[in-house]
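In what follows, a structure is listed as structure tokens, so that the remarks can point back to it.
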Number of protein chains: 2
Amino acid sequence: MDIREIARRAKVSTATVSRAINRVPTVDPQLAKRVWKVVDELGYYPNTQARALVLGRSRIFGLIVSEITNPFFPEIVQTFEDLAVKNNYEILLTSTVHDPKRMESSVRRMIERRVDGVAILTFGMEESLIEHLRDRKVPLVFVDVGPNIPGIANIRINYLNGIRQAVQHLAALRHTRIAFIAGPQRLKSAGARRDAFEASMKEIGLSPDLIVVGDHRMEGGMNALLELNKLSDSPTAVLCSNDMTAIGVLREAYDQNIKIPEDLSVVGFDNIHLAEFTIPPLTTVQMSQHDLAKIAFNALLQEVEDGSSSPERHNYELVTGLVLRRSTALARSRRSAATPTPNRVAKSRKTPAPQ
Amino acid sequence: MDIREIARRAKVSTATVSRAINRVPTVDPQLAKRVWKVVDELGYYPNTQARALVLGRSRIFGLIVSEITNPFFPEIVQTFEDLAVKNNYEILLTSTVHDPKRMESSVRRMIERRVDGVAILTFGMEESLIEHLRDRKVPLVFVDVGPNIPGIANIRINYLNGIRQAVQHLAALRHTRIAFIAGPQRLKSAGARRDAFEASMKEIGLSPDLIVVGDHRMEGGMNALLELNKLSDSPTAVLCSNDMTAIGVLREAYDQNIKIPEDLSVVGFDNIHLAEFTIPPLTTVQMSQHDLAKIAFNALLQEVEDGSSSPERHNYELVTGLVLRRSTALARSRRSAATPTPNRVAKSRKTPAPQ
DNA sequence: TTGGCCATGGTAAACGTTTACCAGAAGGAC
DNA sequence: GTCCTTCTGGTAAACGTTTACCATGGCCAA
């Protein structure tokens with residue numbers, strides 16, 4: 001169904017229909033009413049791609065995340081979505097699952113669909129891809145230390161702040177053997193967290209040598225704790241590069257019958273909603289997903305609406321801070337050296353579902 | 001940058017460029033090579049909206065979920081995305097957050113963007129909205145008992161199967177006071193789960209009267225357990241309408257110092273990835289998100305590619321089954337009636353993050 | 001009455017593709 | 001050499017909008 005169809009039935013021209021629909025004030029109220037009547041009767045919806053074609057604006061924002069199944073991201077996506085509906089935008093979501101090929105196809109898809117802007121929340125993206133976007137003048141916003149390409153909005157995250165609080169919190173609880181479970185090495189954001197950890201440790205005269213790398217997922221957290229416990233002088237506290245890792249640690253500790261927080265203090269990072277519901281509830285570094293999404297969206301919106309990308313708008317900073325819950329406690333004066341008895345049950349109980 | 005620009009530089013017509021790009025075999029290999037060279041040099045990407053306009057196909061599928069922050073959905077979205085890239089589709093995601101207004105705008109957006117099909121994974125949608133879509137001949141696929149509109153593909157979920165297994169499992173562990181924490185009442189899917197519970201209980205001669213309603217979120221699970229424990233004859237086992245609810249139950253039990261599974265057996269539903277990482281790991285009814293997404297996607301794909309919507313393809317069934325982990329155990333012969341001592345800490349510890 | 005100005009709506013071009021249709025070249029048969 | 005066929009590539013219309021530009025008609029002033 002056409003705008004022409006509407007025009008025919010309302011006995012006006014397509015121009016008038018278009019004007020009526022877009023509420024151009026110069027159109028006679030009588031005519032407008034006639035047009036709207038037909039529109040409603042026929043259940044006509046304008047074709048956005050035709051409109052986009054002539055307007056040169058698609059009203060679509062791209063959102064590239066690294067892994068939608070990591071609960072960190074859905075919270076961002078939801079806020080982004082909320083803002084999108086409010087502003088009459090769509091969001092084109094891609095999840096790169098850390099795969100370079102997928103990153104490439106993400107970027108390609110964004111360009112082919114002629115999105116009006118892209119928010120990049122995946123961290124290991126090749127610079128060449130980003131330049132590809134920049135060359136087409138697609139407004140871009142980066143979260144975190146993106147490659148330092150001039151003219152691209154960056155939301156810097158102040159990791160140090162929150163991580164320093166976490167480390168000092170642990171130190172105040174008399175922990176000295178504090179381990180860090182890092183994220184995937186190629187991720188800049190993971191690197192930044194790790195750097196913040198090292199800096200914070202050194203600040204208070206502790207050596208940040210207990211570092212093992214995970215994968216920002218629960219599985220990695222489990223393995224990391226396993227590894228940490230093999231050490232002769234295993235830590236009394238672990239700081240994790242993200243909450244999912246911490247959840248894995250909690251889980252592995254349960255298997256090993258290590259009591260949290262009595263035997264081991266655990267701190268996460270991100271403060272995803274879930275962190276309030278772990279057992280025990282997770283002390284973690286907060287970084288507001290909501291604010292993050294909001295800043296990203298508005299940065300894009302401004303750039304496309306104003307056209308201008310004033311340089312002072314190009315740097316945003318997101319603060320982080322510690323939120324205390326129940327996964328941290330005073331370090332034991334002397335931690336028992338005996339290997340804790342595992343209560344891991346036989347594998348055979350993990351019956352796969354019939355299918 | 002245009003197809004015309006390419007044509008000019010390659011010294012051919014736009015028709016040839018189009019044909020070369022789309023790999024039409026009748027075009028001379030020499031010419032094709034010339035075209036591709038220019039395309040690569042200029043970094044040209046076809047404009048999909050122009051293409052969609054003339055083709056009458058947008059290569060976009062709509063995906064309406066009820067709450068992207070519920071971990072159940074991201075797993076579906078991921079699979080959907082995977083299939084989308086493979087088949088050169090985009091997905092237009094909307095999250096209705098149980099808001100009728102958002103459902104309406106979801107549908108409107110889908111239509112305006114001229115999606116080629118819609119998968120509906122939100123459950124309380126008004127029939128009128130659905131008919132709106134059907135009237136425009138948009139291929140539709142429903143998960144679960146959608147309204148019974150003929151000509152719309154339905155993925156029926158066999159709840160009874162899995163829930164019966166769960167109930168029988170609990171009964172075999174000598175539980176007789178088995179409670180059910182239902183989902184939001186207006187959700188048909190939640191209703192179906194509840195019905196399956198009631199039927200399964202009756203089958204083995206137990207009365208399904210211990211039912212309290214939650215919200216399919218962790219908060220609701222916590223409240224529900226609170227309520228259940230107020231009862232004089234509180235249950236020794238709880239079956240939850242979804243895993244998030246179960247996670248809430250676990251969490252509340254922790255606060256109340258109720259040991260899982262010794263004092264209380266807990267069973268979830270959905271088998272989200274997280275269920276393997278709760279404490280204790282959650283026994284739950286499995287329903288493969290992956291399969292679900294796959295079926296939904298393929299149903300849509302077939303309908304748009306074949307055009308035909310053969311009726312036998314209109315009904316799919318997804319099986320469910322129990323997966324045993326560690327949140328269930330033998331019922332205590334006599335459960336202590338004493339109220340368990342809460343170990344809930346003072347509220348003041350829940351320090352909000354600085355901001 | 002006539003000329004000019006405003007207000008309003010219509011005509012048609014443009015956005016960037018695809019493809020039906022056609023034109024021209026090449027080659028073969030007579 | 002002429003005609004027919006085949007193969008390949010070009011011309012132009014179409015997809016559904018928006019909007020610059022123009023036409024019309026009404027009103028007022030002289």
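First the proteins, then the strands, lettered A, B, ... as listed; each starts at 1.
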Open item on the list: How close do B:Phe142 and B:Asn154 get, counting heavy atoms only, and between which atoms?
Closed with: CB-OD1, 2.9 Å

Open item on the list: For the residue pair A:Ser106 / A:Thr96, report whether a side-chain donor-acceptor contact shorter than 3.5 Å exists.
Closed with: no

Open item on the list: Just by distance, no angles: are the side chains of A:Gln78 and B:Ser95 close enough, under 3.5 Å, to form a donor-acceptor pair?
Closed with: yes

Task: Nearest-Å distance for atom pair CZ/P, residues B:Arg59 and C:dT18 - done: 12 Å

TODO: Figure out the CD/P separation between B:Gln49 and D:dT18, and round it to whole Å.
DONE: 14 Å

TODO: Could you tell me whether the phosphate oxygens of C:dT17, OP1 or OP2, come under 4.0 Å of any side-chain nitrogen or oxygen in B:Tyr44?
DONE: yes

Task: Estimated bend of the helix from C:dT1-D:dA30 to C:dC30-D:dG1 (axis per five terminal pairs, rounded to 10 degrees) - done: 70°

Task: Where B:Glu90 and A:Leu92 come nearest, the two heavy atoms and their spacing - done: OE1-CD1, 3.3 Å

TODO: Under 4.0 Å from any atom of DNA chain C, heavy atoms only: list the residues of residues 3-28 of chain B that qualify, in numerical order.
DONE: B:Ile3, B:Arg4, B:Ala15, B:Ser18, B:Arg19, B:Asn22

- [ ] Would you check if A:Asn47 and B:Leu53 make a side-chain contact, meaning some heavy-atom pair closer than 4.5 Å?
- [x] yes

Task: Gap between atoms CD and C1', on B:Gln30 and D:dG9 respectively (whole Å) - done: 15 Å

- [ ] Could you pull out the closest heavy-atom pair between B:Leu63 and B:Met110, with the gap in Å?
- [x] N-CE, 3.8 Å

Task: Polar side-chain atom of B:Arg109 near backbone of B:Gly62 as donor-acceptor pair, under 3.5 Å - done: no

Task: Value in whole Å for how far the P atom of C:dT18 lies from CG of B:Asp2 - done: 12 Å

- [ ] Grab the CG-P distance between B:Leu53 and C:dA14 for me, whole Å please.
- [x] 17 Å

Task: For atom CG of B:Leu31 and atom P of D:dG9, their distance in whole Å - done: 5 Å

TODO: Output all residues satisfying side chain to side chain donor-acceptor pair (under 3.5 Å) with A:Glu75, sequence neighbours left out; order by chain, then residue number.
DONE: A:Gln289

TODO: Round to the nearest Å and state the distance from A:Leu55 atom CG to D:dA20 atom P.
DONE: 11 Å

Task: Proximal nucleotide (of C:dG16, D:dT17, D:dT19) relative to the A:Asn47 side chain - done: D:dT17

Task: Length of the line joining B:Arg57:CZ and C:dT18:C1', which is rounded to integer Å - done: 15 Å

Task: Heavy-atom closest contact (A:Tyr45 atom, B:Arg114 atom, distance) - done: O-NH2, 2.7 Å

